[in-house]
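Computation of the quantities below employed the complete heavy-atom set of this structure, encompassing side-chain atoms and omitting hydrogens, waters and symmetry-equivalent molecules. All values derive from a computational prediction rather than experimental measurement.
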Amino acid sequence: MNEQWIILEDHVRDEWLDYNGHMNDAEYARVFSWAGFNWMEEVGFNDAFREKYQYTIFTLESHLCYLAEMKPKEALTVSIQILDYDEKRVHFFFELFGEGGKQAATCEQMLMGIDQKERRPAPFPDELFQKIAALHAQQQALPKPKEAGRAIGIRRKIK
């Protein structure tokens with residue numbers, strides 16, 4: 001599978017609209033969070049897994065880029081790409097697309113595996129680590145998204 005993985009399909013709900021009549025900025029974060037939960041379910045990182053291994057995942061950092069408006073009831077899809085990983089962390093890149101394939105937003109996230117008893121970082125259980133490694137390998141041919149690794153700041157022209 002040398003392509004992005006569509007992890008969520010939904011639509012803009014009325015309760016997500018703001019005073020501008022489009023999807024509120026906080027709702028983009030909600031959609032990306034749901035996409036992350038869907039990824040966890042897809043790889044078997046569910047309640048039974050968390051209970052068995054006493055293991056969970058925390059989000060360490062998240063960077064959203066808003067690229068286009070999402071209108072009321074507009075269909076949306078979210079793709080996921082693993083940019084990097086190690087024994088305890090995974091670096092995700094999500095893209096939200098609206099109707100007609102419009103790229104509406106991106107979300108770059110760093111997540112870390114956590115031992116629930118110690119509440120400390122811990123290596124992924126092997127079962128999960130293998131699934132992360134396999135997806136990363138499948139996506140190696142994908143280009144690095146241009147929004148990945150961006151820093152926030154005001155660009156100034158040198159005079």
Seminar exercise, completed: Sequence neighbours excluded, the answer for side chain to side chain donor-acceptor pair (under 3.5 Å) partners of Asp84 is none
Seminar exercise, completed: Interatomic distance, CG@Leu111 vs CD1@Ile82, rounded to 0.5 Å, equals 10.0 Å
Seminar exercise, completed: Rounded to the nearest 0.5 angstrom, the CD-CG distance for Glu9 and Leu76 is 9.0 Å
Problem set entry | Pairwise distance CZ(Phe94) to OG(Ser33) - rounded to 0.5 angstrom | 8.5 Å
Problem set entry | All salt bridge (charged side-chain N to carboxylate O under 4.0 Å, His left out) counterparts of Lys52, not counting sequence neighbours | none
Exercise. Which residue pairs pass the ring-ring contact (aromatic ring centres under 6.0 Å, His included) test with at least one member in residues 139-159, sequence neighbours excluded?
Worked result: none
Problem set entry | Flag, side chain of Asn20 to backbone of His22, donor-acceptor distance under 3.5 Å | no
N/O donor-acceptor pairs under 3.5 Å from side chains in residues 99-110, not counting sequence neighbours:
| unit_1 | atom_1 | unit_2 | atom_2 | d |
| --- | --- | --- | --- | --- |
| Glu99 | OE2 | Ala75 | N | 3.1 |
| Lys102 | NZ | Glu69 | O | 2.6 |
| Lys102 | NZ | Glu74 | OE1 | 3.2 |
| Lys102 | NZ | Glu74 | OE2 | 2.8 |
| Gln103 | NE2 | Glu95 | OE2 | 2.6 |
| Glu108 | OE1 | Gly149 | N | 2.7 |
| Glu108 | OE2 | His91 | NE2 | 2.6 |
| Glu108 | OE2 | Gly149 | N | 3.2 |

For this session: Working to the nearest 0.5 Å, report the span between CE of Met112 and CG of Asp86.
Result: 7.5 Å
Problem set entry | Within-4.5 Å side-chain heavy-atom neighbours: Gln81 and Leu135 | no
Exercise. For the residue pair Tyr28 and Tyr66, does the interplanar ring angle fall in the parallel (under 30°), tilted (30 to 60°) or perpendicular (over 60°) class?
Worked result: perpendicular
Exercise. If you take all heavy atoms of Leu83 and Ala148, which pair is closest and at what distance?
Worked result: CD1-CB, 3.8 Å
Seminar exercise, completed: Rounding to 0.5 Å, atoms CG (Leu64) and CD1 (Ile152) come to a distance of 10.5 Å
Exercise. Between the main-chain N or O of His136 and the side-chain N or O of Gln139, is there a donor-acceptor pair closer than 3.5 Å?
Worked result: no
Show me, pair by pair, the donor-acceptor contacts under 3.5 angstrom made by side chains of residues 117-132, not counting sequence neighbours?
| unit_1 | atom_1 | unit_2 | atom_2 | d |
| --- | --- | --- | --- | --- |
| Asp126 | OD1 | Gln130 | NE2 | 3.1 |
| Glu127 | OE1 | Tyr53 | OH | 2.9 |
| Lys131 | NZ | Val43 | O | 2.7 |

Problem set entry | Exceeds 12 heavy-atom contacts within 6.0 angstrom, atom CD of Glu15 | yes
Exercise. Does Met23 reach the side chain of Leu96, with side-chain heavy atoms less than 4.5 Å apart?
Worked result: yes
Exercise. Hey, are the side chains of Trp5 and Glu42 touching, using non-hydrogen atoms and a 4.5 Å cut-off?
Worked result: yes
For this session: Quick one: pull up CD1 in Ile7 and CH2 in Trp39 and give me the separation to the nearest 0.5 Å.
Result: 9.0 Å
For this session: Determine the minimum heavy-atom distance between Thr56 and Phe58, stating which atoms define it.
Result: CG2-CE2, 3.7 Å
Exercise. Got Phe49 and Met40 here, is their nearest side-chain heavy-atom distance under 4.5 Å?
Worked result: no
Problem set entry | Candidate pair Arg30 and Trp16, rule side chain to side chain contact (heavy atoms under 4.5 Å, CB included), full reasoning | CA-CA 10 Å; Arg30 178 192 311 270; Trp16 295 354; 4.0 Å; yes
Exercise. Do Glu147 and Phe93 have side-chain heavy atoms sitting under 4.5 Å apart?
Worked result: yes
For this session: Could you check if a side-chain atom of Val78 sits within less than 4.5 angstrom of a side-chain atom of Trp34, using non-hydrogen atoms only?
Result: no
Problem set entry | Set of side chain to side chain donor-acceptor pair (under 3.5 Å) partners for Arg13, sequence neighbours left out | Asp10
